Number of protein chains: 2
Amino acid sequence: MNSEKNRHEEAGAPDDLRLEKFLPYRLSVLSNRVSNAIAQAYGERFELTIPAWRVMAILGRFPDLSAADLVEQTAMDKVAISRAVSALFRNDYITRSEDPADRRRQVLNLSPLGRDVYERIVPLAQYYENDLMASLSAEERKQLDSIIEKLMDRAQAWAERGLID
Amino acid sequence: MNSEKNRHEEAGAPDDLRLEKFLPYRLSVLSNRVSNAIAQAYGERFELTIPAWRVMAILGRFPDLSAADLVEQTAMDKVAISRAVSALFRNDYITRSEDPADRRRQVLNLSPLGRDVYERIVPLAQYYENDLMASLSAEERKQLDSIIEKLMDRAQAWAERGLID
DNA sequence: TAACATTGGTTTCAATTGTAACCACTTCGT
DNA sequence: ACGAAGTGGTTACAATTGAAACCAATGTTA
């Protein structure tokens, strides 16, 4: 005598999918919340979009990269990088110089102004990250690190081979 | 004698930010990879966008909801829901009926066709989730669950109060 | 060295998304 | 019962994003 009430079907119905428990969904909500909050902080204080900030974060550590190098490092696509770079250049946050060895290539670097901003943003970013991490124990942080690594690999595999089959 | 080479500055430089280790960044990359892969699967087979799929996922379990109810359940915004609902209605995946008690409100349900699709997608979604989860041990899955919960709460707090101060 | 393929990077155009304004209806306070 | 405020939902418009076409320079093959 089926005592489940308020449900759509009787026998034969598939197991339902509980969206609140569905990992892809949860990841998406979490990531959006975090990104939006931080984007707002960057945007308000330095007029930086997230892609632009990422470019700066990389250039801050690794000078003399080209746009193509950035593509490699950031998992962002060509176009996004190109736009971020243009915007940063317009704001005088980075310099572009032509590579004499290959005249298509542009060598990118933080400008003094850019480095200045970089040095002020890094602590801000770290502050946010710490604040997030503060809700976890040291143990959990390690676990999270390794779990993300594993999930990333699996998802990466999807992208490479054409998903399922 | 500073032996660090290939670095931008000497003393006084801030700790660098290693983007590959920065949680917000990693979450974003992971979430995008997963979402894109799955969106592709839904899109190819059923012409569903992610928002539309989410709406179906909820309506499959909870009949007779309004758009506003969906907003509550899905963490998507008004407009996204409205668009998803329109699209689903155009495809005859859902039915809209006017609520006699409140003539602004529309009561939404999966149509027979919609339920059919729902029942075919749920296993697909579960397949993907299982495949992802398969890279984790049972232990790790539990950990992840609780970690996400905690991070979500913290990020939620950011959104409510105006972030930092 | 002439053709062709590749690579670095930008531009263009269409689709997606977010924000704000908006209409229609309902509810509340008086 | 009337006007103000609130709610459900859509529309309009601007900003963001993605895909493909594109230009210029380099590399490769013959």
Side-chain angles (χ1 to χ4, degrees), chain A residues 28-29 31-33 35-40 42-44 47-55 58-59 64-91 94-109 159, chain B residues 28-29 31-33 35-40 42-44 47-55 58-59 64-91 94-109 159:
Chain A
S28 159
V29 172
S31 165
N32 285 340
R33 273 194 197 156
S35 292
N36 290 340
I38 296 190
Q40 193 182 334
Y42 295 163
E44 280 173 4
E47 313 238 0
L48 280 181
T49 62
I50 291 210
W53 149 246
R54 287 184 185 167
V55 166
I58 299 288
L59 285 180
D64 296 324
L65 298 186
S66 68
D69 298 331
L70 288 172
V71 169
E72 240 192 282
Q73 299 248 352
T74 56
M76 306 197 280
D77 81 75
K78 255 169 134 10
V79 180
I81 293 284
S82 173
R83 295 201 254 240
V85 164
S86 302
L88 288 171
F89 184 69
R90 269 197 303 282
N91 295 344
I94 65 174
T95 60
R96 295 161 137 161
S97 53
E98 184 180 80
D99 180 345
D102 182 341
R103 303 202 336 273
R104 295 165 302 183
R105 196 163 182 279
Q106 313 201 122
V107 179
L108 306 173
N109 277 293
Chain B
S28 159
V29 172
S31 163
N32 285 339
R33 271 192 198 159
S35 292
N36 290 338
I38 296 191
Q40 194 181 336
Y42 295 164
E44 281 174 2
E47 314 237 1
L48 280 182
T49 62
I50 292 210
W53 150 247
R54 287 183 184 168
V55 166
I58 299 289
L59 284 181
D64 297 322
L65 298 187
S66 69
D69 297 331
L70 289 171
V71 168
E72 242 193 278
Q73 299 250 349
T74 57
M76 307 197 281
D77 81 76
K78 257 167 134 357
V79 179
I81 294 283
S82 171
R83 296 201 254 241
V85 164
S86 301
L88 288 171
F89 184 69
R90 269 198 302 284
N91 295 345
I94 64 174
T95 60
R96 295 163 136 159
S97 51
E98 184 181 82
D99 180 346
D102 182 341
R103 300 201 343 270
R104 295 166 302 184
R105 197 162 180 279
Q106 314 201 120
V107 179
L108 306 172
N109 277 292

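When reading the values below, keep in mind they use all heavy atoms of this one structure, side chains included, and skip hydrogens, waters and symmetry mates. Being a predicted model, the structure only gives us computed values, none of them experimental. Letters go in sequence order (proteins before strands), and every chain restarts at 1.
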Should B:Thr74 and A:Val29 count as side-chain neighbours, where that means a heavy-atom distance under 4.5 Å? no

A:Gln40 CD to C:dG18 C1': how many Å, rounded? 14 Å

Starting at CD1 of B:Ile81 and ending at P of C:dT17, how long is that distance when rounded to a whole Å? 13 Å

Is B:Arg104 side chain donor-acceptor paired with the D:dT7 base, going by distance under 3.5 Å alone? yes

Would you please confirm or rule out a distance under 4.0 Å between OP1 or OP2 of C:dT7 and any side-chain N or O of A:Arg103? no

Comparing B:Pro100 with A:Ser66, nearest DNA chain C nucleotide closer to 5' gives the residue A:Ser66

Measuring only between side-chain heavy atoms, which start at C-beta, is B:Val55 closer than 4.5 Å to B:Leu108? no

Measure the distance from CG on B:Leu70 to P on D:dG9 and round it to the nearest whole Å. 9 Å

Round to the nearest Å and state the distance from A:Glu98 atom CD to D:dA24 atom P. 14 Å

Hey, does the side-chain of B:Arg96 have a donor or acceptor N/O within less than 3.5 Å of a partner on the base of D:dG9? no

Please determine, for the side chain of B:Val79, which listed nucleotide (D:dT11, D:dG18, D:dG8) has the closest atom? D:dT11

How would you label the contact of B:Ser86 with the nucleic acid (heavy atoms, under 4.0 Å): base, sugar-phosphate, or nothing? nothing

Under 4.0 Å between any heavy atoms, over every strand shown, what does B:Thr49 touch: base, sugar-phosphate, or nothing? Just pick one. nothing

So B:Leu88 and B:Leu59, do their side chains get closer than 4.5 Å, heavy atoms only? no

Could you walk me through whether A:Leu65 and A:Glu72 satisfy the side-chain contact (heavy atoms from CB on, under 4.5 Å) test, starting with their C-alpha distance in whole Å, then the side-chain angles of each, then the deciding distance to 0.1 Å, before giving a yes or no? CA-CA 11 Å; A:Leu65 298 186; A:Glu72 240 192 282; over 6 Å; no

For D:dT10, take OP1 and OP2 only and decide whether either is under 4.0 Å from a side-chain N or O of B:Ser82. yes

Do any side-chain nitrogens or oxygens of B:Arg105 fall under 4.0 Å of OP1 or OP2 in D:dG9? no

For A:Ser66 and A:Asp69, does a side-chain donor sit closer than 3.5 Å to a side-chain acceptor? yes

Which nucleotide wins on minimum distance to the side chain of B:Asp102, given the candidates D:dA19, C:dT26, D:dT11? C:dT26

Measure from CZ on A:Arg54 to C1' on D:dT17 and round the result to the nearest Å. 13 Å

Out of D:dC13, D:dG9, D:dA19, which nucleotide sits closest to the side chain of B:Gln106? D:dG9

Over how many whole Å does the gap from B:Glu72 atom CD to D:dG8 atom P extend? 9 Å

Let me know the distance between CG of B:Asp99 and P of C:dA24, rounded to the nearest Å. 19 Å

Whole-Å distance separating the CG atom of B:Asp69 from the P atom of D:dT7: 14 Å

